[in-house]
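We count ligands from 1, going down the list as the structure has it; atoms in each ligand are counted the same way. The shown structure was predicted, so the numbers you read here are calculated from the model rather than taken from an experiment.
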Amino acid sequence: MTPSPDTREINADRSDIEALDEIWLFGYGSLIYKVDFPYTESAPVYITGWQRRFWQGSHDHRGTPEKPGRVLTLIEAPKQRCFGIAYRVTLDVFDHLDHREKNGYLRSIQALDFADGDSRPGVVYIGQPDNPAFLGDAPIGQIAHQIFHSVGPSGPNSEYVHLLADALREHDELDEHVFEIDRLLREMRS
Ligand code: SIN
């Protein structure tokens, strides 16, 4: 039997978050464009040493257990930086977030670089390479093909890509991996 990727039990320990003076959540994928939790402030930020990749399987939102889609995770990449949105939240939002991000994502505390030059710790959901839902790298056309043909309870997998690509464009952020898949999907549709 495939081990379950459900991370809710592990993420339920809040001791690391409780120790923070302010709680900032970092969103780099759907947390940029689907903000279904309360927050008091938000800011564009960067995280250094990581890059976005469609290497995480989605069995619950943008695919099914039989036909998983592909969603984003962060992969370690020295010297790279990844844009995202930081939300100032309270501890109680993590019940909802842990449920939403339960398919293999573990919480991690990483340094966030704010535009004012400040660095503050932020909570980041990362699907590490050893999680059972991790699919890993594949040729870009194959990734786009899988996304094109996947759909789950949250909608078509391609919508995840387009909404994210549009949000990045609004912030004048270039992400070649995301934009190339966005382009290939539009090509397949036409
Ligand atoms: C995130 O957006 O920060 C995590 C990955 C996702 O839910 O798409």
Please determine if [X] has a nitrogen or oxygen closer than 3.5 Å to a nitrogen or oxygen of ligand 1.
| X | answer |
| --- | --- |
| L72 | no |
| Y125 | no |
| I32 | no |

Part of Y160 within contact of ligand 1 (heavy atoms, under 4.0 Å):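 Answer for Y160: side chain.
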Where's the contact between E101 and ligand 1, heavy-atom distance under 4.0 Å: side chain, backbone, both or neither?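 Within the 4.0 Å criterion, E101 contacts ligand 1 through side-chain atoms alone.
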Cation over ring face, R62 and Y160, 6.0 Å, 45°: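 Ring-cation test returns no.
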Is R52 close to L168 at the side-chain level, that is, under 4.5 Å between some pair of heavy atoms?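 Counting from C-beta outward, L168 and R52 do come under 4.5 Å.
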Between R100 and D36, is there a side-chain N and carboxylate O pair less than 4.0 Å apart?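 Salt bridge flag = yes for D36 with R100.
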With the threshold set at 4.0 Å, does a side-chain nitrogen-carboxylate oxygen contact exist between D95 and R8?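 Here D95 does not pair with R8 in a salt bridge, since their nearest N and O are not under 4.0 Å apart.
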Compare G27, S30, G29 and give the one whose heavy atom is closest to atom 7 (O) of ligand 1.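 Looking at heavy atoms only, the winner is S30.
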Reference residue Q56; test side-chain hydrogen bond (donor to acceptor under 3.5 Å, both in side chains); the match among N131, T73, N103: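 Of the listed options, the one satisfying the test is N131.
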Any donor-acceptor pair under 3.5 Å from H171 side chain to P44 backbone: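 The answer is no, because no donor-acceptor pair under 3.5 Å joins these two groups.
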Could you tell me the residue and atom name of the protein heavy atom closest to atom 3 (O) of ligand 1, and the distance to it rounded to 0.1 Å?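 Protein heavy atom with the smallest distance to atom 3 (O) of ligand 1: Y28 N, 3.0 Å.
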Proximal ligand 1 atoms for F26, defined as those under 4.0 Å from one of its heavy atoms: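 So the answer, numbered in order with elements, is 3 (O).
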